[in-house]
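Any value given below was found using the heavy atoms of this structure, including those in side chains, with hydrogens, waters and symmetry copies removed.
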Amino acid sequence: MRTLAYVIFIGEKAETQKNRMQLTMKEGVAWKWKKAARAAVQFELFGKLSTIEEEILVISGTHDRVHKGNDYPRFAKELPNGRFFHFGIDESERERILGVLLHELSITSSDKTPALFKFFERKIV
(Lines give C-alpha, C1' and ligand atoms only; values in the text may rest on other atoms or scores of the structure.)
Protein backbone atom coordinates (compact mmCIF):
# COMPACT_ATOMS: atom_id res chain seq x y z
CA MET A 1 0.00 0.00 0.00
CA ARG A 2 2.86 2.40 0.73
CA THR A 3 4.28 2.24 -2.80
CA LEU A 4 0.80 2.61 -4.28
CA ALA A 5 0.10 5.60 -2.01
CA TYR A 6 3.26 7.27 -3.28
CA VAL A 7 2.72 6.52 -6.99
CA ILE A 8 -0.94 7.55 -7.12
CA PHE A 9 -0.21 11.06 -5.92
CA ILE A 10 2.88 11.87 -8.00
CA GLY A 11 2.34 15.35 -9.38
CA GLU A 12 -0.42 16.27 -6.91
CA LYS A 13 0.04 19.94 -6.03
CA ALA A 14 -2.35 20.05 -3.08
CA GLU A 15 0.22 19.03 -0.46
CA THR A 16 -2.14 18.93 2.53
CA GLN A 17 -4.60 16.69 0.76
CA LYS A 18 -1.82 14.59 -0.77
CA ASN A 19 -0.26 13.95 2.65
CA ARG A 20 -3.65 13.15 4.20
CA MET A 21 -4.55 10.64 1.48
CA GLN A 22 -1.10 9.00 1.53
CA LEU A 23 -1.38 8.54 5.28
CA THR A 24 -4.87 7.08 4.89
CA MET A 25 -3.61 4.62 2.30
CA LYS A 26 -0.55 3.65 4.36
CA GLU A 27 -2.74 2.86 7.36
CA GLY A 28 -5.46 1.18 5.31
CA VAL A 29 -6.35 -2.49 5.66
CA ALA A 30 -6.60 -4.01 2.18
CA TRP A 31 -9.54 -6.35 2.81
CA LYS A 32 -11.58 -3.53 4.39
CA TRP A 33 -10.86 -1.26 1.40
CA LYS A 34 -11.94 -4.01 -0.97
CA LYS A 35 -15.18 -4.55 0.95
CA ALA A 36 -15.92 -0.79 1.01
CA ALA A 37 -15.13 -0.42 -2.70
CA ARG A 38 -17.51 -3.24 -3.60
CA ALA A 39 -20.27 -1.69 -1.48
CA ALA A 40 -19.78 1.72 -3.11
CA VAL A 41 -19.42 0.65 -6.74
CA GLN A 42 -23.11 1.20 -7.54
CA PHE A 43 -23.55 4.27 -5.30
CA GLU A 44 -24.66 7.48 -7.00
CA LEU A 45 -25.29 10.62 -4.99
CA PHE A 46 -27.07 12.53 -7.75
CA GLY A 47 -30.78 11.83 -7.79
CA LYS A 48 -30.91 11.27 -4.03
CA LEU A 49 -30.53 14.79 -2.67
CA SER A 50 -33.96 16.26 -3.41
CA THR A 51 -35.51 14.86 -0.22
CA ILE A 52 -33.15 16.77 2.10
CA GLU A 53 -35.16 19.73 3.37
CA GLU A 54 -32.54 21.37 5.61
CA GLU A 55 -30.44 24.22 4.30
CA ILE A 56 -27.15 22.77 3.08
CA LEU A 57 -24.09 24.83 2.24
CA VAL A 58 -22.09 23.36 -0.62
CA ILE A 59 -18.55 24.72 -0.61
CA SER A 60 -15.88 24.27 -3.24
CA GLY A 61 -12.44 25.64 -3.90
CA THR A 62 -10.04 24.87 -6.69
CA HIS A 63 -10.29 21.76 -8.86
CA ASP A 64 -8.09 18.80 -7.98
CA ARG A 65 -7.68 15.19 -9.10
CA VAL A 66 -9.95 13.81 -6.37
CA HIS A 67 -12.85 16.28 -6.49
CA LYS A 68 -14.60 17.34 -9.68
CA GLY A 69 -15.23 21.07 -9.43
CA ASN A 70 -18.31 20.99 -11.67
CA ASP A 71 -20.13 18.56 -9.33
CA TYR A 72 -20.52 21.05 -6.48
CA PRO A 73 -22.99 23.41 -8.19
CA ARG A 74 -24.96 20.32 -9.28
CA PHE A 75 -25.17 19.14 -5.66
CA ALA A 76 -26.42 22.54 -4.53
CA LYS A 77 -28.95 22.73 -7.37
CA GLU A 78 -30.44 19.35 -6.54
CA LEU A 79 -30.86 20.25 -2.85
CA PRO A 80 -34.17 22.11 -2.27
CA ASN A 81 -32.42 24.53 0.12
CA GLY A 82 -28.89 24.25 -1.20
CA ARG A 83 -26.54 27.21 -1.28
CA PHE A 84 -23.31 27.22 -3.26
CA PHE A 85 -20.11 28.98 -2.22
CA HIS A 86 -17.02 28.97 -4.41
CA PHE A 87 -13.71 29.97 -2.89
CA GLY A 88 -11.19 30.07 -5.72
CA ILE A 89 -8.30 29.60 -3.36
CA ASP A 90 -5.52 27.08 -3.02
CA GLU A 91 -6.32 23.83 -1.21
CA SER A 92 -3.92 24.73 1.59
CA GLU A 93 -6.27 27.56 2.65
CA ARG A 94 -9.62 25.76 2.27
CA GLU A 95 -9.87 24.34 5.77
CA ARG A 96 -9.00 27.68 7.37
CA ILE A 97 -11.61 29.50 5.28
CA LEU A 98 -14.20 26.82 6.10
CA GLY A 99 -13.50 27.34 9.81
CA VAL A 100 -13.99 31.09 9.46
CA LEU A 101 -17.22 30.57 7.48
CA LEU A 102 -18.64 28.18 10.08
CA HIS A 103 -17.71 30.57 12.88
CA GLU A 104 -19.38 33.48 11.08
CA LEU A 105 -22.50 31.40 10.41
CA SER A 106 -22.69 30.40 14.07
CA ILE A 107 -22.90 34.05 15.15
CA THR A 108 -25.20 35.19 12.31
CA SER A 109 -28.90 34.43 12.05
CA SER A 110 -29.49 31.43 9.79
CA ASP A 111 -31.43 33.42 7.18
CA LYS A 112 -28.52 35.71 6.37
CA THR A 113 -25.16 35.20 4.75
CA PRO A 114 -22.32 36.80 6.71
CA ALA A 115 -21.20 39.96 4.92
CA LEU A 116 -17.67 38.60 4.73
CA PHE A 117 -18.85 35.75 2.47
CA LYS A 118 -21.47 37.33 0.21
CA PHE A 119 -18.88 37.73 -2.53
CA PHE A 120 -18.29 33.96 -2.61
CA GLU A 121 -21.90 32.79 -2.80
CA ARG A 122 -22.96 31.84 -6.32
CA LYS A 123 -26.49 31.76 -7.67
CA ILE A 124 -27.57 28.30 -8.72
CA VAL A 125 -29.16 28.25 -12.16
Side-chain angles (χ1 to χ4, degrees):
M1 283 285 236
R2 289 179 184 195
T3 304
L4 182 61
Y6 175 78
V7 171
I8 287 175
F9 293 100
I10 289 176
E12 177 65 54
K13 292 183 173 80
E15 285 298 320
T16 304
Q17 185 166 331
K18 175 182 174 179
N19 294 337
R20 183 181 302 132
M21 293 306 296
Q22 285 179 329
L23 180 62
T24 299
M25 289 183 75
K26 286 177 191 174
E27 294 178 355
V29 178
W31 72 267
K32 289 182 181 180
W33 279 50
K34 183 178 178 180
K35 185 177 179 181
R38 283 189 172 159
V41 76
Q42 297 297 325
F43 181 77
E44 176 58 55
L45 191 57
F46 292 111
K48 296 183 171 113
L49 301 174
S50 62
T51 60
I52 301 172
E53 294 297 325
E54 291 81 8
E55 180 180 66
I56 304 291
L57 305 182
V58 178
I59 300 169
S60 78
T62 54
H63 177 76
D64 60 43
R65 292 192 315 177
V66 177
H67 304 95
K68 296 177 185 172
N70 58 342
D71 281 348
Y72 295 98
R74 290 179 58 204
F75 290 136
K77 185 175 183 176
E78 188 172 326
L79 292 159
N81 295 304
R83 295 171 64 191
F84 177 60
F85 291 81
H86 178 76
F87 297 93
I89 57 174
D90 180 68
E91 179 271 340
S92 64
E93 296 294 318
R94 269 188 240 163
E95 290 179 7
R96 183 174 300 130
I97 292 296
L98 180 57
V100 172
L101 172 62
L102 293 175
H103 173 74
E104 289 293 316
L105 288 171
S106 73
I107 60 175
T108 305
S109 68
S110 62
D111 61 338
K112 294 185 180 179
T113 302
L116 182 62
F117 292 97
K118 287 185 183 208
F119 175 78
F120 299 103
E121 186 165 15
R122 303 292 186 257
K123 296 287 182 194
I124 306 166
V125 289

- Message: Do Asn81 and Glu54 make a side-chain contact, defined as non-hydrogen atoms from C-beta onward lying under 4.5 Å apart?
- Response: no

- Which distance, rounded to the nearest 0.5 Å, do you find between the NZ of Lys26 and the CD of Gln22? 5.5 Å

- Query: What's the shortest heavy-atom distance between Thr24 and Trp33, and which atoms?
  - Reply: O-CZ2, 3.7 Å

- Message: Does Lys32 have more than 12 heavy atoms from other residues, nucleotides or ligands lying within 6.0 Å of its NZ?
- Response: no

- Message: Taking the six-membered ring for Trp, are Phe120 and Phe85 closer than 6.0 Å centroid to centroid?
- Response: no

- Task: With the side chain counted from C-beta on, respond yes when Phe75 and Ile56 share a heavy-atom pair under 4.5 Å apart, and no when they do not.
- Result: no

- Note on the structure: Output for pair (Leu57 CG, Phe84 CZ), nearest 0.5 Å, gives 11.5 Å

- Query: Would you find more than 12 non-hydrogen atoms of other residues, nucleotides or ligands less than 6.0 Å from Phe46 atom CZ?
  - Reply: yes

- Query: Distance from Met25 atom CE to Glu27 atom CD, nearest 0.5 Å?
  - Reply: 12.5 Å

- Atom CZ in Arg74, atom CG in Leu79: separation rounded to 0.5 Å? 12.5 Å

- Item | Ile124 reachable from Phe119 in the ILVMFWY side-chain graph, under 4.5 Å edges | no

- Query: Within a strict 4.5 Å, meaning less than it, do heavy atoms of the Tyr72 and His86 side chains meet?
  - Reply: no

- Message: I'd like to know if the side chain of Glu78 reaches the main chain of Gly47, judged simply by a donor and an acceptor atom lying under 3.5 Å from each other, with no hydrogens or angles considered.
- Response: yes

- Can you name the closest pair of heavy atoms from Pro80 and Leu49 and give their distance? CD-O, 3.8 Å

